[in-house]
Number of protein chains: 2
Amino acid sequence: MLNQSPNLDLMFQALADPTRRAMIDRLSHGPASVSELAKPFAMSLPAVVQHLQALEQSGLVSSQKLGRVRTVRIEPEALSLAEQWINDRRTLWARRLDRLGDLLSETEGDQQ
Amino acid sequence: MLNQSPNLDLMFQALADPTRRAMIDRLSHGPASVSELAKPFAMSLPAVVQHLQALEQSGLVSSQKLGRVRTVRIEPEALSLAEQWINDRRTLWARRLDRLGDLLSETEGDQQ
DNA sequence: ACTTTGGTTAAGCATGGTCTTAAGTAACAA
DNA sequence: TTGTTACTTAAGACCATGCTTAACCAAAGT
């Protein structure tokens, strides 16, 4: 299954679950099969697959099947998109604080 | 109400909703009151307040009440934490790709 | 004092997300 | 060909989420 078009709703929703974040964590070290990904978790395989579907629909992960094993890998561009969204807002705020700082020091200058 | 201890589950959950992302977007330009934040949305005030509670519980936002108006502001450190989580995994993956690239070019060198 | 503004609380409802078990399929192994 | 492995599909239980309306409260304005 190829990657879905990344969607912020689905991406952040996918990242909101600790199981799915643990999977991303595992996948950041390299691709893995479904059963490899399932191993650390005390839940049924269908549950694991449902988590993987959430990750794949969000675009954060892609997978392809070869023979009977599905190999899952991380999609760094999608991760980057989510990261960028946060960064943009955070830096906007930071710039605003900078401008406020400038204004303050200008007024101090006027007073001195 | 002061800021909650930031929690990745709650933060990403909070960011998963377009209404709440729009609020963060608005707040990245500066603090705002509850009714200012509510204005763009076609939903009841209680619904807006519930979204703000989700944001505040996640730590992404803090607020304080003065007289009868509650002023909400962004918490850049919490945003930074979420951003950092993604960045860490993404760069881990990128470094892995670099190492693979190195291995490949070494083998190419051997062959040439 | 009375009204308006800004927000809060509570209750209810529809939908969606996270698990389960049971049953099925297709590839590979003996 | 028979069994085992690696998923896949389907259906249901159960709790969480995202809204609503109604009623309330307290600060500010007239």
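Residue numbers start from 1 in every chain, and the chains themselves are labelled A, B, ... in the order their sequence lines are given, proteins ahead of strands. Remember, predicted model here, so these are calculated numbers, not experimental data.
One interatomic measurement links the two molecules: CD of A/Q57 to C1' of C/dG17, which rounds to 12 Å at whole-angstrom precision. To the nearest angstrom, P of C/dG16 lies 12 Å from CD of A/Q13. Going from atom CG of B/L37 over to atom P of C/dG6 covers 13 Å, rounded to whole Å. Taking atom NE2 on A/H51 and atom P on C/dT18, their separation rounds to 6 Å, with Å as the unit. For the pair B/D9 CG and D/dA16 P, the interatomic distance rounds to 14 Å; values are reported in whole Å. Here D/dT17 presents its C1' atom at 19 Å from CZ of A/F12, a figure rounded to the nearest Å. B/L10 has its CG atom 13 Å from the P atom of D/dA16, to the nearest Å.
Considering A/L79, A/L37, A/V72 in turn, A/V72 is the only one that fulfils the side chain to side chain contact (heavy atoms under 4.5 Å, CB included) rule with A/V61.
When the C1' atoms of four end pairs are superposed on the next four at each end of the helix from C/dA1-D/dT30 to C/dA30-D/dT1, using five pairs per end, the two resulting axes differ in direction by 20°, to 10°.
For B/S33, counting side-chain heavy atoms from C-beta on, the closest listed nucleotide (C/dG7, D/dT8, C/dT18) is C/dG7.
For the segment residues 15-32 of chain B, no residue has any heavy atom less than 4.0 angstrom from an atom of DNA chain C. Near DNA chain D, meaning a heavy atom under 4.0 Å away, the residues from residues 38-49 of chain A are A/L45, A/P46.
For A/K65, a side-chain nitrogen or oxygen approaches OP1 or OP2 of D/dT8 to under 4.0 Å.
With hydrogens and angles ignored, the 3.5 Å screen pairs no side-chain donor or acceptor of B/R20 with any backbone N or O of B/A16. No donor-acceptor pair closer than 3.5 Å links the side chain of A/R90 to the backbone N or O of B/P76.
In terms of hydrophobic clustering, with Ile, Leu, Val, Met, Phe, Trp and Tyr side chains grouped at heavy-atom distances under 4.5 Å, B/L92 and A/L15 are assigned to different clusters. Linking ILVMFWY residues whenever their side-chain heavy atoms come closer than 4.5 Å, directly or via other members, places A/L55 and B/L8 in the same cluster. Residues A/M23 and A/V34 fall within the same hydrophobic cluster, defined by Ile, Leu, Val, Met, Phe, Trp and Tyr side chains chained together at heavy-atom separations under 4.5 Å. Note on A/V69 and A/I74: separate hydrophobic clusters, where clusters join Ile, Leu, Val, Met, Phe, Trp and Tyr whose side-chain heavy atoms are under 4.5 Å apart, directly or indirectly.
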Show, in sequence, the C-alpha distance, side-chain angles and deciding distance for B/Q13 and B/S58, and conclude whether the side chain to side chain donor-acceptor pair (under 3.5 Å) test is met.
CA-CA 8 Å; B/Q13 183 70 38; B/S58 77; over 6 Å; no

Using nucleotides 26-30 of chain C, report all nitrogen or oxygen pairs with the protein that are shorter than 3.5 Å.
from   : atom 1 : to    : atom 2 : distance (Å)
C/dA27 : N3     : A/R68 : NH1    : 3.2

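Classification of the B/W85-B/F12 ring pair by plane angle, with boundaries at 30° and 60°, yields perpendicular.
Within the 4.5 Å cutoff, side-chain heavy atoms of A/V48 are placed close to those of A/L52. Using a 4.5 Å cut-off on side-chain heavy atoms (C-beta onward), A/R70 and A/S33 make no contact.
Applying the salt bridge (charged side-chain N to carboxylate O under 4.0 Å, His left out) test to every pair with at least one member in residues 32-45 of chain A, sequence neighbours left out, gives these pairs: A/R26-A/E36.
Counting distance only, with no hydrogens placed and no angle test, the side-chain atoms of A/Q50 and the base atoms of C/dT20 include a donor-acceptor pair under 3.5 Å.
Geometrically, B/R96 engages B/W93 in a cation-pi contact defined by less than 6.0 Å to the ring centre and at most 45° from the axis.
Qualifying side-chain contact (heavy atoms from CB on, under 4.5 Å) partners for B/A47, counting only residues two or more places apart in sequence or in other chains: B/M43, B/S44.
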